[in-house]
Amino acid sequence: PLTQTGSNLNISGGSLTSNEVPFIQTLALSSGTWTANGASTVRVLTQSGGNLAGTGTVQGLAVTHSVNGSLSPGDSGGAGLGTLQLQGSLVLGSASTSLFTIGDPTLTYDKLLGTTPLTSMTLDGYFTITAPTFGGSYTPQSGDVWDLIDWASIVGIGTSFNVGSNLRTAGDGGGDLFLPDVSLYSLGWDVSDFGNGRISLALIPEPSRMMLIFFGLLGLCFRRRRHE
């Protein structure tokens, strides 16, 4: 599954960390898992499949990395939590699937960080956000914010990437961003700022409360008409 020619490495299966191949400059990943630990020497990453994970840094100041497989921040193949950093620009292709795990926003959760100024990240593919601690060790609250992506410029929102309906309680809302269910907490997902890599929770009025508000406003209208 590994083919190395000089400083070029092709991975077509198995599992490998950057520590095991410290002098690789160009990495082509078609299947299997590559975990970036520490400051890897990879300058150009081309991913046509497989899984890119880790909490290290993929280098390459003046290059564009291409991902068309699975992207999972966190060590242990993405099973852990943490921040994956990349220098240069990043293009998430239409075949990419990004997997992020969140929980208490004051603790560690999955993030993607671009460390080079004036570079861009192009969004495409499908994002899945999971929250296994919701309802267990953590209770989600209105106003909770998760900064999933920190990049100088994020492009593709509304063109190659659809965030789906705003203030939905779960699912992808007809778009490319799948979110965990928060309906038990009368909350909805605010995805209006995903162009800056951010999602948050907002309070959603219960249907019965909305009906009371509606009938209250209707009563005020009738009262005004009588006075007139």
Side-chain angles (χ1 to χ4, degrees), residues 1-93 96-123 125 127-130 132-133 146-154 196-198:
L2 303 179
T3 305
Q4 183 172 355
T5 305
S7 61
N8 302 322
L9 179 68
N10 296 317
I11 302 178
S12 57
S15 179
L16 194 68
T17 67
S18 57
N19 301 11
E20 296 174 276
V21 280
F23 302 110
I24 297 302
Q25 300 267 324
T26 302
L27 174 65
L29 176 62
S30 59
S31 65
T33 297
W34 185 69
T35 301
N37 288 333
S40 74
T41 59
V42 171
R43 302 290 180 181
V44 182
L45 168 67
T46 303
Q47 183 186 3
S48 58
N51 181 33
L52 170 64
T55 56
T57 301
V58 179
Q59 300 189 58
L61 293 175
V63 302
T64 298
H65 304 290
S66 173
V67 171
N68 261 301
S70 175
L71 175 67
S72 307
D75 291 327
S76 302
L81 301 176
T83 301
L84 177 61
Q85 303 180 56
L86 290 92
Q87 294 179 350
S89 295
L90 173 65
V91 174
L92 295 179
S96 65
T97 56
S98 300
L99 309 172
F100 287 70
T101 300
I102 61 173
D104 185 338
T106 65
L107 302 177
T108 301
Y109 57 90
D110 286 346
K111 299 180 184 180
L112 192 60
L113 172 63
T115 61
T116 307
L118 303 179
T119 58
S120 65
M121 174 183 178
T122 301
L123 283 176
F127 270 69
T128 297
I129 313 299
T130 63
T133 62
W146 292 268
D147 290 301
L148 300 175
I149 303 170
D150 186 355
W151 219 280
S153 173
I154 300 176
N196 290 313
R198 183 177 299 115

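- Rounding to the nearest 0.5 Å places OG1 of Thr97 at 10.0 Å from CG of Asn68.
- For the atom pair CZ (Arg43) and CD1 (Ile24), the distance works out to 12.5 Å, reported to the nearest 0.5 Å.
- At a threshold of 4.5 Å between non-hydrogen side-chain atoms, the residues Leu99 and Thr130 do not count as touching.
- Here the shortest heavy-atom pairing between Gly103 and Trp146 reads O-NE1, 2.9 Å.
- Leu29 CG to Ser48 OG: the interatomic distance, rounded to the nearest 0.5 Å, is 7.0 Å.
- Taking 4.5 Å as the limit, some side-chain heavy atom of Leu16 sits within range of a side-chain heavy atom of Leu9.
- The shortest heavy-atom contact between Ala152 and Pro117 is CB-C, 4.4 Å.
- In plain terms, the two heavy atoms of Thr101 and Tyr109 that are nearest each other are O-CB, 3.6 Å.
- Put simply, the side chain of Thr46 never gets that close to the backbone of Leu27: no donor and acceptor are under 3.5 Å apart.
- Atoms CD1 and CG, from Ile154 and Leu112 in turn, are 8.5 Å apart once rounded to the nearest 0.5 Å.
- Across Thr108, Asn37, Asp75, Asp110, a single residue satisfies side-chain hydrogen bond (donor to acceptor under 3.5 Å, both in side chains) together with Thr55, and that is Asp75.
- With hydrogens and angles ignored, the 3.5 Å screen pairs a side-chain donor or acceptor of Gln59 with a backbone N or O of Ser40.
- Annotation: side chain of Thr64 is in contact with side chain of Val91 (closest heavy-atom distance under 4.5 Å).
- One finds the CG atom of Asn10 at 7.0 Å from the OG1 atom of Thr5 (value rounded to the nearest 0.5 Å).
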Contacts under 3.5 angstrom, residues 80-90 side chains, donor-acceptor by atom type, not counting sequence neighbours:
unit_1 : atom_1 : unit_2 : atom_2 : d
Gln87  : OE1    : Gly60  : N      : 3.2
Ser89  : OG     : Ser120 : N      : 3.3

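- Between the side chain of Asp104 and the backbone N or O of Thr106 there is at least one donor-acceptor pair closer than 3.5 Å.
- Using a 4.5 Å cut-off on side-chain heavy atoms (C-beta onward), Trp151 and Leu123 make no contact.
- For Asn51, the side-chain contact (heavy atoms from CB on, under 4.5 Å) criterion is met by Thr33, Ala53, Ser70, Ser72, not counting sequence neighbours.
- Here the straight-line distance linking atom CG of Leu148 with atom NZ of Lys111 works out to 9.0 Å at 0.5 Å rounding.
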